[in-house]
K.L.:
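Before I ask anything, here is the structure I am working with.
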Amino acid sequence: MNLTSINKAVSKVCPIHGMLSATEPDFKPEATPQQRAAAQAIVDGWDWSAEAEAAREEAANPEWTAVRRALAEIESDAAAWEAIKDTASAAQTRAAFTKLVGHVTKVARYVGKI
């Protein structure tokens, strides 16, 4: 459980020292009742699912999301290559190599921007 995301979300609406737990903000003394209520609403509605965490991570780090997607493409094409490698024609081998070079180039470009 990563408290960083919820801590950031709560701190945008209410002054807090941090999160004491996943459900308990550590409010600063100057936090108004309205701010505390807004913070509690975020806590009460927080989605801890893996999908929601992944979506928040993607939104916070779009560059790394692009890298992960490019790496997933490489994995997919590598699996396709494994299925035909023993019987691949020269044209299929060239096509697979061209795709691999394209993927590696894309990953290098993304990483270079980070």
Side-chain angles (χ1 to χ4, degrees):
M1 180 182 317
N2 182 353
L3 295 180
T4 303
S5 295
I6 194 168
N7 185 68
K8 285 180 183 178
V10 170
S11 67
K12 287 180 181 178
V13 300
C14 182
I16 60 170
H17 295 289
M19 296 296 293
L20 296 172
S21 70
T23 59
E24 188 178 3
D26 183 12
F27 297 110
K28 290 184 177 179
E30 64 268 22
T32 68
Q34 294 84 1
Q35 290 171 323
R36 290 172 186 247
Q40 194 60 52
I42 290 171
V43 170
D44 292 345
W46 196 258
D47 183 351
W48 289 101
S49 70
E51 295 82 9
E53 284 292 314
R56 285 189 289 272
E57 175 66 23
E58 284 188 26
N61 301 295
E63 302 87 2
W64 284 112
T65 299
V67 170
R68 282 191 293 275
R69 287 186 181 143
L71 291 173
E73 289 174 4
I74 291 172
E75 287 182 89
S76 175
D77 287 344
W81 169 251
E82 284 296 320
I84 66 164
K85 70 178 183 181
D86 293 332
T87 59
S89 67
Q92 288 172 310
T93 302
R94 274 193 305 279
F97 182 76
T98 300
K99 264 187 155 177
L100 176 62
V101 170
H103 290 316
V104 171
T105 302
K106 189 186 315 181
V107 169
R109 195 175 321 118
Y110 291 146
V111 171
K113 292 179 182 178
I114 296 175

K.L.:
First locate atom OG of S21, then atom CG of D26, and finally report the distance between them rounded to the nearest 0.5 Å.
P.N.:
10.5 Å
K.L.:
Looking at OG1 of T23 and CH2 of W48, how far apart are the two atoms once the value is rounded to the nearest 0.5 Å?
P.N.:
9.0 Å
K.L.:
Is the shortest side-chain heavy-atom distance between L71 and V107 below 4.5 Å?
P.N.:
yes
K.L.:
Between N7 and G18, which heavy-atom pair has the shortest distance, and what is it?
P.N.:
OD1-CA, 3.1 Å
K.L.:
Of all the heavy-atom pairs spanning H17 and F27, show the shortest one and how long it is.
P.N.:
CD2-O, 3.7 Å
K.L.:
Does M19 reach the side chain of V43, with side-chain heavy atoms less than 4.5 Å apart?
P.N.:
yes
K.L.:
Identify the heavy atoms of K28 and I16 that sit nearest to each other, and give their distance.
P.N.:
CE-O, 3.2 Å
K.L.:
Between R36 and A31, is there a donor-acceptor pair closer than 3.5 Å when you use the side chain of the first and the backbone of the second?
P.N.:
yes
K.L.:
Indicate yes or no: at least one non-hydrogen side-chain atom of W81 is less than 4.5 angstrom from one of L100.
P.N.:
no
K.L.:
Linking I/L/V/M/F/W/Y whenever any side-chain heavy atoms sit under 4.5 Å apart, do L3 and L20 land together?
P.N.:
no
K.L.:
Working to the nearest 0.5 angstrom, can you tell me the gap between T105 OG1 and Y110 OH?
P.N.:
11.5 Å
K.L.:
Output yes when a side-chain donor or acceptor of S76 lies under 3.5 Å from a complementary backbone atom of A72, and no otherwise.
P.N.:
no
K.L.:
So does T32 get a backbone contact from the side chain of Q35, meaning a donor-acceptor N/O pair under 3.5 Å?
P.N.:
yes
K.L.:
So does E73 pair up with K106, basic N to acidic O under 4.0 Å?
P.N.:
yes
K.L.:
Hey, could you give me the OG/CD distance between S5 and E57, rounded to the nearest 0.5 Å?
P.N.:
7.5 Å
K.L.:
To the nearest 0.5 Å, what is the distance between NZ on K12 and CD1 on I42?
P.N.:
9.0 Å
K.L.:
State, to 0.1 Å, how close I6 and A22 come at their nearest heavy-atom pair, and which atoms those are.
P.N.:
CD1-O, 3.7 Å
K.L.:
Taking all non-hydrogen atoms of both residues into account, name the closest pair between D47 and E53 and its distance.
P.N.:
O-OE2, 4.4 Å
K.L.:
Between the side chains of E63 and R68, is the shortest nitrogen-to-carboxylate-oxygen separation below 4.0 Å, so that they form an ion pair?
P.N.:
no
K.L.:
In Å and rounded to the nearest 0.5 Å, what is the OG to CZ distance from S89 to R94?
P.N.:
7.5 Å
